[in-house]
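Presented below is the structure to which this report refers.
Just so it is clear: chains get the letters A, B, ... in the order the sequence lines come, proteins before strands, and each one is counted from 1.
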Amino acid sequence: MIDLRRLTDDEAYRQGALRKGADPSVIDNLVSLEPQLREAGVARDTIRAEANTANKAIGKAAPEERDAKIAAAGELKGKLTEAEAAYDAIAAQINDVILHVPNPAHESVPDGDEDHFELLHTHGEPGDAPPHDHADFAERMGFIETEHAVQMSGSRFAYLMGDAVRLELALVQYALATVSAHGFTPVIPPVLVRNEQMEKAGFFPTDRSTVYELPEDDMSLVGTSEVALAGLHRGDRLRDEDLPLRYAGFSSCFRREAGTYGKDTRGIFRVHQFDKVEMFSYSLPENSWDEFDKIQAIEEEIVQGLELPYRVINIPTGDLGAAAAKKHDLEVWLPSEGRYREITSCSNYLEFSARRLDTRTRSSEADGPGSRLVHTLNGTACAISRTLVYMFENHQQPDGSFVVPAALRPFCGLEVINPPE
RNA sequence: GGAGGGAUGGCAGAGCGGACGAUUGCGAUGGUCUUGAAAACCAUUGAGGUGAAAGCCUCCGGGGGUUCGAAUCCCCCUCCCUCCGCCA
């Protein structure tokens with residue numbers, strides 16, 4: 001949730017929201033409502049103070065004075081009800097739209113749609129197209145079965161089988177081992193959460209259409225463990241010296257992929273259900289950009305360990321999610337398509353998400369600041385299905401075998417996987 | 001799924017319509033005493049908003065209601081505990 005006060009007072013902040021595509025009339029409306037809300041709040045509190053004083057006097061009053069005092073207090077109550085209604089009406093107008101306003105983009109974020117990203121750097125050499133794309137290769141190797149999966153569950157579902165399962169579990173172990181070495185605590189969170197948490201974590205209402213909901217229970221399946229990790233300190237008052245708090249969630253993720261019909265229908269590049277290890281940090285405000293760099297560095301370390309050629313890009317405003325002030329994507333070379341495609345990403349939400357989650361931190365020093373909203377960040381350690389896709393193409397050999405990257409071998413005991421007879 | 005009981009400040013635990021933002025104990029912080037520590041004693045000690053400050057407003061699981069006035073009464077929801085049933 002945006003900072004309404006800052007939206008009103010800080011021109012750069014407001015511009016950042018507009019750059020993200022916020023409706024200018026909505027912003028103008030909010031900016032005009034903010035002083036009204038404050039004024040109505042002061043008016044209401046003033047009357048309330050009078051009423052409180054009058055009510056307290058009744059308790060102390062002599063019995064014969066009571067009736068007159070109660071009558072007087074009754075009048076104040078009428079005025080208070082009006083003042084409260086006036087305030088609530090303005091607050092309701094604000095609440096109707098405020099959750100739709102995105103987190104303002106950081107000044108370093110380029111303008112434009114998804115093609116207007118800024119290339120930060122590349123690593124490794126892109127290879128030539130292999131004989132088989134990932135879907136073909138995986139089918140031949142007995143790694144995935146889609147025919148019956150589609151029959152049973154629909155498109156974008158697959159059975160993962162055989163050594164691919166061992167590779168998947170090795171990737172999980174490898175990712176968890178890597179992030180653990182950087183101070184992230186492994187977590188297996190609930191994947192089913194109340195819709196209330198979807199809202200607090202910033203996914204509702206803006207991304208509602210991408211989520212599987214269970215209306216009977218007012219719950220949803222998470223599209224990422226980020227949702228649950230954001231709930232880990234909901235309403236908490238953390239201590240400055242305990243930050244950063246770093247968690248690595250491992251969970252299945254569920255996405256409706258609405259609006260992607262016809263895109264990436266082959267294989268397991270884009271599926272409704274996949275497993276992912278996700279990093280999530282709670283940071284002091286002044287350190288969050290360092291934390292952002294750290295998360296990106298870990299992502300690069302993981303992809304380098306898998307021996308995949310990649311580049312890092314700065315995502316432009318038009319492709320930035322509602323909650324992110326800035327996002328960097330790692331894109332791996334996908335030989336069959338002859339282009340780089342997303343494998344992981346890291347985002348800094350600043351205090352946008354923490355405001356709804358009410359996650360604050362305070363200094364232990366007596367004269368330090370009272371409490372401040374923390375900054376939250378997240379980044380993909382490893383999205384398993386998609387990582388398998390990149391490995392299937394980049395490590396596929398001319399003889400039809402698959403070479404397991406050295407970093408994964410300790411976790412699965414496999415070096416070379418040969419095609420079935 | 002059925003029947004009861006509960007949710008109060010970091011923790012424990014009172015309060016059950018008016019001087020309660022909340023008794024008390026523990027913990028924590030500061031001080032006295034001490035070579036130092038412990039003990040004892042004294043003081044301080046929840047949070048959010050607003051304000052330059054004094055102050056004012058809000059918060060006793062969450063939401064509504066009754067009342068001049070609600071931690072306290074009523075309704076709904078959530079969670080926890082006990083018993084019964086069911087179950088990986």
### Task
Could you encode protein contacts along nucleotides 49-58 of chain B as a string, one character per nucleotide from 5' to 3', using B for base contact, S for sugar-phosphate-only contact and - for no contact, with a heavy-atom cut-off of under 4.0 Å?
SSS----SSS
### Task
Take atom P in B:U23 and the same atom in B:G10, then report the distance between them in whole Å.
14 Å
### Query
Does A:Tyr282 have any ring-ring contact (aromatic ring centres under 6.0 Å, His included) partners at least two apart in sequence or in another chain, and if so, which?
A:His233, A:Phe280
### Residue pair A:Met391 / A:Leu171, side-chain heavy-atom distance below 4.5 Å
yes
#### Entry: A:Arg362 vs B:G46: side-chain N/O to OP1/OP2 distance below 4.0 Å
no
#### Entry: Selection residues 158-183 of chain A - residue pairs positive for side-chain hydrogen bond (donor to acceptor under 3.5 Å, both in side chains), sequence neighbours left out
A:Asp163-A:Arg166, A:His182-A:Glu301
### Query
Is it true that A:Glu278 and A:Lys276 have a side-chain N and a carboxylate O under 4.0 angstrom from each other?
yes
### Query
Which residues within residues 27-34 of chain A lie with some heavy atom under 4.0 Å of an atom in RNA chain B?
none
Would you list the protein and nucleotides 17-21 of chain B atom pairs, both N or O, that sit under 3.5 Å from each other?
from, atom 1, to, atom 2, distance (Å)
B:G18, O6, A:Arg66, NH1, 3.3
B:G18, N2, A:Asn55, O, 3.0

### Query
Does A:Glu286 come within less than 4.0 Å of A:Arg372, counting only side-chain N to carboxylate O?
yes
#### Entry: Span that lies between the C1' atom of B:A7 and that of B:C77, in whole angstrom
14 Å
### Query
Is A:Arg266 paired with A:Asp136 through a side-chain N to carboxylate O contact shorter than 4.0 Å?
yes
### Any residue meeting ring-ring contact (aromatic ring centres under 6.0 Å, His included) with A:Phe143, in chain and number order, not counting sequence neighbours
A:Phe392
### Message
Taking B:G15 as the reference, what is the distance to B:C73 when you measure between their C1' atoms (whole Å, please)?
### Response
15 Å
### Task
Write down the distance separating the C1' atoms in B:U24 and B:U8, rounded off to the nearest Å.
14 Å
### Message
Taking the C1' atom in each of B:G17 and B:A22, what is the distance between them to the nearest angstrom?
### Response
15 Å
### Query
With a 4.5 Å limit on heavy-atom distance, are the side chains of A:Gln273 and A:Phe157 in contact?
yes
### Query
In whole Å, what separates the C1' atom of B:G4 from that of B:G85?
15 Å
### Task
Verify the ring-centre separation between A:Trp289 and A:His375: is it less than 6.0 angstrom?
no
So which protein N/O to nucleotides 75-79 of chain B N/O distances come out below 3.5 Å?
from, atom 1, to, atom 2, distance (Å)
B:U78, O3', A:Arg194, NH2, 2.4
B:C79, OP1, A:Arg194, NH2, 2.9

### Message
With heavy-atom distances below 4.5 Å as the criterion, would you say the side chains of A:Ser288 and A:Leu377 are in contact?
### Response
yes
### Query
Starting at the 5' end of RNA chain B and moving along, which residue's nearest nucleotide shows up first, A:Asp358 or A:Lys69?
A:Asp358
### Sequence neighbours excluded - side-chain hydrogen bond (donor to acceptor under 3.5 Å, both in side chains) pairs with any residue from residues 65-90 of chain A
A:Arg48-A:Glu84
### Query
Quick one: A:Glu84 CD to B:U67 C1', roughly how many Å, whole number?
14 Å
### Task
With sequence neighbours left out, write down each residue that passes salt bridge (Lys or Arg N to Asp or Glu O under 4.0 Å) with A:Glu299, or none if nothing qualifies.
none
### Query
How would RNA chain B look in dot-bracket form, 5' to 3', counting Watson-Crick and G-U wobble pairs with both distances under 3.5 Å and writing | for bases paired to another strand?
((((((((.[[[..)..(.....]]]((((((.......))))))(((((....))))).[[[[[..)....]]]]])))))))....
### Query
At what distance, to the nearest 0.5 angstrom, does CG of A:Asn103 lie from OH of A:Tyr13?
6.0 Å
### Message
Quick check for you: to the nearest 0.5 Å, what is the distance between A:Thr361 atom OG1 and A:Leu243 atom CG?
### Response
4.0 Å
### Task
Not counting sequence neighbours, which residues clear salt bridge (Lys or Arg N to Asp or Glu O under 4.0 Å) with A:Arg246? List them please.
A:Glu291
### Rounded interatomic separation in angstrom, taking CG from A:Asp236 and C1' from B:G61
15 Å
### Query
When the distance from CZ of A:Arg372 to P of B:A47 is rounded to whole Å, what number comes out?
15 Å
#### Entry: Sidechain N-carboxylate O distance under 4.0 Å for A:Lys326, A:Glu107
no
### Task
Write down the distance separating the C1' atoms in B:C68 and B:G9, rounded off to the nearest Å.
29 Å
### Message
For the C1' atoms, the ones on B:A14 and on B:C26, what distance do you get once it is rounded to whole angstrom?
### Response
15 Å
### Message
Does anything in residues 11-26 of chain A form a salt bridge (charged side-chain N to carboxylate O under 4.0 Å, His left out)? List the pairs, not counting sequence neighbours.
### Response
A:Glu11-A:Arg14, A:Arg19-A:Asp111
